[in-house]
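Worksheet: the structure to be examined is printed underneath.
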Number of protein chains: 2
Amino acid sequence: MTPRDLDTAFTDADDSPGLLLWQVTNRWQAAIRLTLKPYGLTHVQFVLLAALTWLGSEGPVTQKALADQAASDPMMTSQVLRALEGRGLVERRPHPQDGRARALAVTEEGRALANRAVVAVEACDAEFFGTLEEQTGAFTRALRRLRTASTQE
Amino acid sequence: MTPRDLDTAFTDADDSPGLLLWQVTNRWQAAIRLTLKPYGLTHVQFVLLAALTWLGSEGPVTQKALADQAASDPMMTSQVLRALEGRGLVERRPHPQDGRARALAVTEEGRALANRAVVAVEACDAEFFGTLEEQTGAFTRALRRLRTASTQE
DNA sequence: TCAGAATAGTAAGCGCGCATACTAATTACA
DNA sequence: TGTAATTAGTATGCGCGCTTACTATTCTGA
């Protein structure tokens with residue numbers, strides 16, 4: 001197929017890294033959604049729960065700190081954490097030092113769920129990116145470079 | 001930082017290709033959104049308008065055919081095309097052969113807008129993926145492989 | 001000390017991506 | 001030919017990603 005009415009530099013839409021990135025991410029999201037369905041978690045819920053579990057339950061973690069760690073925006077973080085709190089997976093106490101902030105903590109149930117779900121997610125990722133074989137490292141490195149580059153702008 | 005309470009295979013979250021893919025795509029979407037703002041187009045609107053312009057205005061193009069070409073889902077396609085029709089960028093006539101379908105056509109104004117916007121989008125992509133330099137080809141190939149692999153499942 | 005700037009968190013709202021369900025028209029097949 | 005299966009398109013609804021605007025609290029510096 002040849003474009004007649006569109007002045008594009010690409011012969012085929014399959015050569016556009018942007019479009020491909022978009023399509024691949026949509027498919028990856030669908031795979032993750034399917035994987036997490038048995039655990040009753042959405043992707044963002046899983047990411048925040050896992051990140052909070054990662055950060056540990058000793059020091060008081062604010063929503064801002066969690067959002068930074070998970071690269072999630074503050075609004076989404078606030079909304080999802082309240083949902084997780086409603087399910088008893090997370091606690092949101094007032095922060096001892098900062099009156100504006102929340103002191104987050106994973107419950108025992110939340111930690112257990114995170115650890116069960118993370119196994120499934122990593123298996124899903126391994127399957128999804130498995131087709132890259134020995135090029136997985138280069139692909140991951142490229143993604144890391146793109147992320148930091150677009151942050152600097 | 002070391003995970004104490006999460007049993008993960010990754011030392012750092014930056015090693016997960018899935019998380020990186022998600023973050024990079026979010027930043028790319030933000031860049032595209034900013035680029036298309038002066039043209040009054042969202043990303044999906046641009047993709048569908050450009051794809052329809054690409055397909056040409058001679059034969060009757062159905063929404064299904066356009067959705068397949070653009071890898072957009074039928075619901076989104078329907079909704080966005082009605083918005084584009086409201087702005088006079090697209091026409092949605094009844095299909096001459098198939099009573100269920102719509103015969104899509106770009107208006108002159110729509111074609112002109114698509115051609116102006118595509119320049120900006122390709123410049124945005126060039127800037128965004130420019131940091132990959134000579135590895136851009138390998139990156140694009142990896143994305144293409146991931147897309148087809150996840151389709152087969 | 002105290003007024004202004006910065007920060008943590010939330011409300012409301014918009015467009016996207018997708019799932020489910022439905023209507024109307026077409027196609028396939030017995 | 002007539003009925004079943006398929007297909008094009010749309011309504012509804014949910015969660016995501018983000019923007020704007022707002023409150024309450026903390027920090028900063030004259």
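Quick note: numbers below take in every heavy atom, side chains included, and nothing from hydrogens, waters or symmetry partners.
In terms of position along DNA chain D, the nucleotide closest to B:Lys64 lies nearer the 5' end than the nucleotide closest to the other residue of the pair B:Lys64 and A:Asp98.
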Item to complete: Take B:Gln63 and B:Arg102, measure what side-chain hydrogen bond (donor to acceptor under 3.5 Å, both in side chains) needs, and give me the verdict at the end.
Response: CA-CA 7 Å; B:Gln63 293 188 179; B:Arg102 303 281 194 161; 5.0 Å; no
Item to complete: Starting from the C-alpha separation in whole Å, work towards a yes-or-no answer on side chain to side chain contact (heavy atoms under 4.5 Å, CB included) for A:Asp15 and B:Thr140.
Response: CA-CA 7 Å; A:Asp15 293 330; B:Thr140 305; 5.6 Å; no
Fill in: side chain to side chain contact (heavy atoms under 4.5 Å, CB included) between A:Ser72 and A:Val47, intermediate numbers included
CA-CA 9 Å; A:Ser72 164; A:Val47 167; over 6 Å; no
Less than 3.5 Å apart, which donor and acceptor atoms pair up between the side chains of residues 31-44 of chain A and the rest of the protein, not counting sequence neighbours?
unit_1	atom_1	unit_2	atom_2	d
A:Thr35	OG1	A:Ala31	O	2.9
A:Thr42	OG1	A:Gln45	N	3.3

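Note on B:Glu85 versus B:Arg82: no salt bridge recorded, every NZ/NE/NH1/NH2 to OD/OE distance being 4.0 Å or above.
No donor-acceptor pair under 3.5 Å is formed between the side chain of A:Ser78 and the backbone N or O of A:Pro74.
Between A:Arg92 and C:dT10, a side-chain N or O to OP1/OP2 separation shorter than 4.0 Å is present.
Note that CZ of B:Phe46 and CG of B:Leu49 are 8.0 Å apart. Values are rounded to the nearest 0.5 Å.
The nucleotide range of DNA chain D contacted by chain B, defined by atoms under 4.0 angstrom from heavy atoms of the protein and reported 5' to 3', is D:dT7 to D:dC18.
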What's touching nucleotides 14-21 of chain C from the protein side, N or O pairs under 3.5 Å?
unit_1	atom_1	unit_2	atom_2	d
C:dC16	OP1	B:Thr42	OG1	2.4
C:dG17	OP1	A:Trp22	NE1	2.5

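Neither side chain, A:Gln135 nor B:Arg141, offers a donor N or O lying under 3.5 Å from an acceptor on the other.
Rounded to an integer number of Å, the gap from A:Leu81 CG to C:dT10 C1' is 13 Å.
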